[in-house]
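Below is one structure, written out as structure tokens, with a few remarks after it.
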Amino acid sequence: MNTDAKAGHGTLEVPRLIGIKRDGGELTADELAALITGYLDDEVTDAQIAALLMAGVIRGFTDAEAVALTEVLLASGERVDLSGLSGPTVDKHSTGGVGDTTTLITVPLLAAVGCQVAKLSGRGLGHTGGTLDKLEAIPGFSTRLSIEAFRSQVERLGLAVAAASEQLVPADRRLYALRDVTGTVADPSLIAASVMSKKLAGGAEHLVLDVKAGSGAFLTDVDDAVRLAERCVAIGRAHGRKTSALVTRMSQPLGPAVGNALEVAAAVEVLRGERAGALVELSVELAATGLADTGVGADEAVRRSRRALEDGSGLERLAALVTAQGGDPRVVDAPRQVLPSAPVVVEWRPAVDGVVTGFGARRLGELAGVLGAGRQHPDDVIDPAVGLEVEVGIGDAVGPDGPVAVRVHAGDDAAARRVIAELDAVVAVADGPADPGPLVHHRIGADVDDAGRSTSG
Ligand code: URA
């Protein structure tokens with residue numbers, strides 16, 4: 001990352017622009033473009049952009065700044081042209097959650113039902129996991145694809161998952177890595193610009209967004225998440241993309257695993273029909289939403305997506321994806337034998353009987369990071385094997401003689417002990433009953449007005 005001191009010697013008044021944001025003002029599209037372009041050209045430093053981001057996270061970037069930033073990030077690279085492909089092109093993206101492994105399930109399901117899925121993904125961000133880190137837990141898997149390789153894989157196989165690169169949204173790639181380690185993720189405009197620039201560069205005509213709300217999301221409040229979803233949908237529509245969003249529950253880990261290899265194993269087990277629960281339901285729901293947006297009736301879209309799960313065609317598409325991108329294809333047959341595993345596994349149960357009434361879901365994600373599943377520094381190398389298996393959800397009975405509530409997968413005993421010591425505070429147990437609430441809070445579909453505001457419930 002750039003740390004030299006060139007900035008300040010040119011005509012760009014970086015400190016003044018940071019000051020505008022610090023004081024709650026709004027930057028123009030030209031000012032934002034100059035800052036981000038200067039950053040890519042190493043004329044503006046990491047420290048200056050981090051200060052700008054922090055000022056914006058505290059003061060809030062505006063809707064207009066979200067639109068302008070999206071354009072700047074998008075313009076920093078090329079766009080994939082998928083126009084010649086035969087099937088409907090679809091992409092999905094989550095705004096980030098804990099145990100949120102839907103991409104590894106939804107993308108193969110969409111491909112299995114005839115969509116062509118061209119997905120640009122991200123790495124772990126803050127306390128949340130990232131699809132690229134998860135896929136790279138599969139021995140040999142590469143997420144670095146040229147635009148041509150990305151496009152031709154989608155054409156041949158119906159799916160590809162790639163990283164932003166020097167060619168594709170390079171500005172998001174740099175900002176994303178900086179936001180990850182500077183506590184500057186949680187601003188709706190920054191999230192909207194980051195997500196939508198990748199989705200627009202990826203080239204798909206149909207976009208499905210999973211906007212998370214709750215203690216494990218960047219936005220904890222459902223109304224804030226709805227506004228973020230509306231903002232993203234408006235940007236997608238303005239670019240002529242058919243964009244839908246689901247605002248979904250993130251008050252507890254979505255799936256049974258938090259950590260890269262563990263999440264891959266869980267996703268494979270879902271596609272093998274070996275797991276039930278919220279991860280399965282939401283993955284099918286997201287696939288069905290994407291398929292319905294291509295013109296298939298809503299009920300039929302759910303039926304086909306579920307069938308792709310049950311008849312093994314989703315698993316078969318995941319195997320094709322893994323093979324095409326250099327990964328060990330045996331991962332779909334015996335994930336836990338192929339994926340790296342941690343040397344220390346410690347089981348945890350709460351000290352008192354009761355039911356789980358809530359989670360510090362963000363802290364669970366942070367604890368996976370402490371174990372090594374995420375980055376504290378931009379140059380950190382993550383450990384794909386470590387993480388947490390969370391075997392219980394809100395409303396489940398637990399206790400000292402009950403089922404294992406959490407399994408900590410750690411690199412050594414000290415790391416495991418450090419995490420175990422926090423679990424009493426992170427998993428709330430009390431007298432029941434308790435209900436996790438709805439999985440899908442809100443849907444924003446094709447029926448939105450021109451401002452992107454939902455006209456449905
Ligand atoms: N996913 C992204 O790609 N960017 C964000 O800012 C959050 C989630």
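Atoms within a ligand are numbered from 1 in the order they appear, just like the ligands themselves.
Among protein heavy atoms, the minimum distance from atom 3 (O) of ligand 1 is reached at K198 NZ, 2.6 Å. In terms of protein heavy-atom proximity, atom 4 (N) of ligand 1 is closest to S194 OG, 2.7 Å.
A salt bridge is absent between E148 and R151: the closest approach of a Lys/Arg side-chain nitrogen to an acidic carboxylate oxygen does not fall below 4.0 angstrom. Comment: R174 engages D46 in a salt bridge, judged by a side-chain N to carboxylate O separation of less than 4.0 angstrom. Between D210 and K212, at least one side-chain N (NZ, or NE/NH1/NH2) sits under 4.0 Å from a carboxylate O, which counts as a salt bridge. Using a 4.0 Å cut-off between charged side-chain N and carboxylate O, E205 and R241 make no salt bridge. With respect to R418 and E422, no salt bridge is recorded, no charged nitrogen being found less than 4.0 Å from a carboxylate O.
Which parts of ligand 1 touch V195 is read off a 4.0 Å heavy-atom cut-off, strictly below it: atoms 1 (N), 2 (C), 3 (O), 4 (N). Under a 4.0 Å criterion applied to the non-hydrogen atoms of H93, ligand 1 contributes the atoms 1 (N), 2 (C), 3 (O). Atoms of ligand 1 lying under 4.0 Å from any heavy atom of S94, numbered from 1 in the order shown and given with element: 1 (N), 8 (C).
Checking only distances, T95 never comes within under 3.5 Å of ligand 1, N or O to N or O. Distances between N or O atoms of Y176 and those of ligand 1 include no value under 3.5 Å.
Other residues, nucleotides and ligands contribute only 12 or fewer heavy atoms inside 6.0 Å of the CZ atom of R144.
Under 4.0 angstrom from ligand 1, the non-hydrogen atoms of L125 all belong to its side chain.
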